[in-house]
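See structure below.
These values consider heavy atoms only, across backbone and side chains, with no hydrogens, waters or symmetry-generated copies. Naming convention: chains lettered A, B, ... in sequence-line order (proteins, then strands); numbering from 1 in each chain.
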Amino acid sequence: MTPRLRQTRQWLLPAALLVAWQLAATAQEGPSILPSPVEIGQTLLETLVSGRLPADALHTFAAAIASWVICLLIGIPLGMALGSAERLRVALSLFIELLRPLPAVALIPLAILVFGFSWQTEITVTVFASVWPLILASRSGIERMHPRILEVVSTLHLRRWHALRCVITPAAFRQILVGAKLSFSLCLVVSVVAEMVGNPAGLGWGLVSAQEAMRASETFAYLFAIGILGVCANCALDFAVKHLFPGLAQGN
Amino acid sequence: MNKMSRGLLSLATPIALLGVWGALGDPASPVAPPPQTWLTQAAVMLAAGDLQLAVLATLKTVLLATLVAGIAGTVMGATLGARRAISDTVAPTLEFLRSIPPPTIVPVAMLLIGAGTGLDISVVALATVWPVMLNVLQATRSIHPTLISTGHTLRLSPWSRTRNIYVPCILPGVIAGLRVAAPLAIIVALLVEMLATRPGIGRLLLTAQRDFDAPGVFALLLTVGLIGVGVNGAFEWLERSAAKRLPNAMR
């Protein structure tokens, strides 16, 4: 198969599906539950122009990025401490193993009890769900460091802070970066979920309220918007990482 | 540190924390009631019969949905893995569908299916089918060509080839996919129960929160944690026992 033909076939399927969907939606009689792609597109444009979708997206991104920053601030130091102090790691191991698998959704009611339906609820739940990959990545970044690096540190009589800044952090950086990327995509998803149940704002709430009002095309429009924005955000992060740390990205 | 003191130290932190909480916590606290109140509240819910029913409902959804996702994901993954032409054609479409976060399909499914009985299982299965499919796809693609041509050389029947070559090669992929899918299934099941008020632990959690029943919320969180540990443990055990039985070359 020539690459050209392969490409056309790749785009043919979604196009065919959309046409079939359109036909199925127009063919149905009575009150429609399945909106047609054209209707969804119109609603998407309307919500875009009226500024509701951008405002909701802005809220979700702000919450996700704020949670991500908190995750970075908690996860990296904690993970690095766990990686370098064996006693601490053992003392917290069971604790972490008990908390980590707890589904974030189940935590939303507890967060609502404490903070009410608010952005604090959203951020708490998001941080709780998204901090684990960072902790684990930073920990294994330290643990997998070559022993010789530590020997060099002690041979050079580097001061602790100096060693941490100039040797240990750069050595563990690649792992930490992987964890940070994972944590970012989790932050986006979990903040949408938290909005669906715990904080009446943003894209998640837009999705749920459209469904509750039985506005079908709006529900689909929000779903697609969430999917597309998620892909764009992750691509943007990949792009940023590739350009900020060109040396590291090659190995990935 | 030897094994014994490691074990003690790792046990010490949660026990100390719970102990301090239990000793100093205010039983009437609206947000952080001490652990003993969780247990009494759990006992109350058990006596009323709510808790058992909710646990059974959630477990049923999770297990049935993982079963459906396992079968559908295996079929899809094996088909895509075996036929390059098909997988090339559908790859971008699947990639887009996969990028939609699973929990967000819950409202759309409620709209299309309605908040009926079929909702929980179909939504959870839809959300969990991707990890199974991807793992099986990988497993199918990485079957060594020698194995397949050996089957042809030995003139094995299609049934015998399936049983002796394809199934043992793909099975680890299926199980690995299910292990990723199981925690996701629990999350989406809870979310469906919360949003569509379907019977289950998710709904009980929201009810407890609406009644400002903090001990109840903690008791249910504990239950969710135990279910998670149980389900994950079961799939890990499945993975280990399957790995033991498979011939070395297939692992």
More than 12 heavy atoms of other groups within 6.0 Å of A/W11 CH2
no

Is it true that, when you exclude B/R141 itself, more than 12 heavy atoms of the residues, nucleotides or ligands shown sit nearer than 6.0 Å to its CZ?
yes

May I ask you to name which of [options] has the most heavy-atom pairs under 4.5 Å with chain B?
options	result
A/L113, A/L12, A/I228, A/N234	A/L113
A/V231, A/V193, A/L110	A/L110
A/V189, A/V105, A/L203	A/V105
A/A104, A/G227, A/A106, A/S93	A/A106
A/L92, A/L99, A/T219	A/T219

Can you tell me which portion of [X] sits under 4.5 Å from chain A's heavy atoms? Options are side chain, backbone, both or neither.
X	value
B/I187	both
B/A214	both
B/V90	both

According to the salt bridge (charged side-chain N to carboxylate O under 4.0 Å, His left out) rule, which pairs have a member within residues 203-215 of chain B, sequence neighbours left out?
none

Using a cut-off of under 4.5 Å on heavy-atom pairs, state which of B/T93, B/L11, B/L17 scores highest against chain A.
B/T93

Proximal to chain B - members of residues 116-134 of chain A, heavy-atom separation under 4.5 Å
A/F117

